[in-house]
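Note that the structure is predicted; figures quoted are calculated from it, not measured.
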Amino acid sequence: MEGSTILARRLDPRPRHQQIAAELRAQIMSGALKAGEQLPSTPHLVTRFNAANATIQRALQALKDEGFVRGYAGKGVYVRDRQSLVVEATAYKAPAPRGYTYELLQVSELEPPADVAAALALDDGELVVMRHRLLLHDGDPVELSWSYYPLSIAAGSPLAGRGKIRGDAPRALTDLGFPQRHFQDRVSARQPTTEEVEGLDLPTEVPVFRQFRVIYSDADRPVEVSVLIKGGHLYELSYHQPTG
């Protein structure tokens with residue numbers, strides 16, 4: 001349970017301001033500190049966490065940078081009225097005027113990373129078409145993606161083109177005779193690369209979700225692998241799985 005007391009297997013090695021920010025962040029995400037609610041005063045937090053004023057200020061600044069709280073001069077610090085952006089774990093997100101839009105950053109033919117080659121069951125040295133994109137929600141960057149297609153499938157098709165695909169990749173794969181039938185995700189968390197920090201405008205010390213997605217066509221043939229990177233702050237992944 002969040003906030004429960006457990007036996008420490010090792011001491012938390014993080015700087016004190018990170019520990020304090022984590023405690024407050026968890027309270028906000030759980031609803032213990034509600035949207036619009038004022039955080040305790042700095043003197044109160046100094047006493048509560050037995051920390052210096054400067055340490056508390058660093059913790060609050062981290063939460064401000066991540067969008068969890070907002071400070072008002074002479075009034076205090078308040079929890080922002082902003083819900084987590086729930087990202088449905090679907091194969092693609094349909095563009096919409098005030099929803100999701102894409103920017104195509106790069107298209108190239110290359111030898112894929114080892115995990116991608118293995119997932120696509122490629123022979124040694126076999127090439128892929130890679131499409132690198134930025135996903136935005138209401139104009140804000142929320143995801144970087146790298147999608148890989150076997151060159152034996154994608155060569156000469158819209159997937160290998162240098163522009164956006166009319167109908168997007170699912171339509172292109174269907175037109176090539178490889179309709180999407182199901183996909184599998186592996187999700188992990190790690191610290192971001194410099195490219196990811198800059199591309200997603202990530203605050204300091206925020207980890208990212210990494211989804212490694214394999215899309216299958218008929219006869220369970222893998223036809224696409226996508227690596228999807230999302231900022232771990234303010235975003236949630238939502239999965240729906242039938243149980244019967």
Side-chain angles (χ1 to χ4, degrees), residues 1-4 6 12 14 18 21-22 25-26 28-31 62 66-68 82-95 99-103 105-106 112-122 128 130-138 140-150 168-170 173 180-217 220-244:
M1 178 181 294
E2 292 182 63
S4 62
I6 60 174
D12 187 345
R14 294 175 296 176
Q18 291 184 17
R25 188 186 299 111
I28 293 170
M29 293 180 71
S30 69
E66 295 172 21
F68 282 100
R82 177 178 177 181
Q83 299 297 316
S84 295
L85 176 62
V86 178
V87 181
E88 296 288 341
T90 55
Y92 287 93
K93 301 171 182 64
Y100 293 103
T101 57
Y102 291 100
E103 290 182 5
L105 303 179
Q106 180 185 0
D115 55 353
V116 172
L120 288 173
L122 300 180
V128 297
M130 186 274 292
R131 299 182 68 85
H132 180 27
R133 303 193 299 179
L134 174 66
L135 175 69
L136 302 106
H137 183 265
D138 287 347
D140 295 325
V142 296
E143 177 185 275
L144 283 168
S145 67
W146 293 259
S147 296
Y148 303 88
Y149 308 90
D168 222 318
L173 284 169
Q180 298 179 16
R181 297 307 185 192
H182 63 95
F183 71 92
Q184 182 179 38
D185 273 0
R186 297 204 312 265
V187 182
S188 56
R190 60 165 171 74
Q191 290 301 311
T193 66
T194 297
E195 178 183 6
E196 292 159 1
V197 168
E198 294 175 351
L200 294 174
D201 192 21
L202 296 176
T204 305
E205 300 164 357
V206 167
V208 292
F209 292 122
R210 179 183 187 266
Q211 290 173 263
F212 186 88
R213 172 168 295 169
V214 185
I215 295 179
Y216 298 87
S217 187
D220 282 341
R221 177 173 178 174
V223 294
E224 176 187 325
V225 169
S226 288
V227 177
L228 314 170
I229 303 294
K230 300 176 177 66
H233 68 310
L234 299 182
Y235 302 103
E236 297 178 356
L237 301 180
S238 177
Y239 287 83
H240 302 276
Q241 178 64 45
T243 57

Task: Distance (rounded to the nearest 0.5 Å) between Glu103 CD and Thr101 OG1 - done: 7.0 Å

Task: Heavy-atom pair with the smallest gap, counting every atom of Ala62 and Ala21 - done: CB-CB, 4.5 Å

- [ ] Any chance you could measure Arg133, atom CZ, to Leu144, atom CG, to the nearest 0.5 Å?
- [x] 11.5 Å

TODO: Applying side-chain hydrogen bond (donor to acceptor under 3.5 Å, both in side chains), name anything that partners Arg181, two or more places apart in sequence or on another chain.
DONE: Asp218

- [ ] Compare every heavy atom of Ser147 with every heavy atom of Glu224, then report the nearest pair and how far apart it is.
- [x] OE2-OG, 3.8 Å

Open item on the list: Assess whether a salt bridge exists between Arg190 and Glu196, defined as any Lys/Arg side-chain N lying under 4.0 Å from an Asp/Glu carboxylate O.
Closed with: yes

Open item on the list: If you define the side chain from C-beta out and look only at heavy atoms, does anything of Val225 sit under 4.5 Å from Val128?
Closed with: no

Open item on the list: Taking side-chain hydrogen bond (donor to acceptor under 3.5 Å, both in side chains) as the definition, give me every residue that meets it alongside Asp220, ordered by chain and number, with sequence neighbours left out.
Closed with: His182

- [ ] Taking the side chain as every heavy atom from C-beta outward, state whether Trp146 and Val116 have any atom pair closer than 4.5 Å.
- [x] no

Open item on the list: If I compare all heavy atoms of Tyr216 with all of Phe183, which pair ends up nearest, and what's the gap?
Closed with: CD1-CA, 4.5 Å

Task: Closest non-hydrogen atom pair between Val208 and Gly231, with its separation - done: CG1-CA, 4.2 Å

Open item on the list: Quick one, Ser217 and Leu173 - any side-chain contact, counting heavy atoms below 4.5 Å?
Closed with: no

Open item on the list: Give me the atom names and distance for the closest heavy-atom approach of Ile215 to Gln180.
Closed with: CG2-CG, 3.5 Å

Open item on the list: To the nearest 0.5 Å, what is the distance between CD on Glu205 and CZ on Arg14?
Closed with: 9.5 Å

Task: Distance in Å, Lys230 NZ paired with Leu135 CG, rounded so as to fall on 0.5 Å steps - done: 7.5 Å

Open item on the list: So Phe68 and Met29, do their side chains get closer than 4.5 Å, heavy atoms only?
Closed with: yes

Open item on the list: With a 3.5 Å distance limit and no angle check, can you tell me whether Asp185 reaches the backbone of Val187 through a side-chain donor-acceptor pair?
Closed with: no

Residues 197-204 side chain polar contacts: donor-acceptor under 3.5 Å, at least two apart:
none

TODO: With the side chain counted from C-beta on, respond yes when Ser145 and Tyr102 share a heavy-atom pair under 4.5 Å apart, and no when they do not.
DONE: no

TODO: First locate atom OG1 of Thr193, then atom CD1 of Ile229, and finally report the distance between them rounded to the nearest 0.5 Å.
DONE: 7.5 Å

Task: Short N-O contact, Arg186 and Asp115, less than 4.0 angstrom - done: no

Open item on the list: Quick check: closest heavy atoms across Glu66 and His233, and the distance to 0.1 Å?
Closed with: O-CD2, 3.4 Å

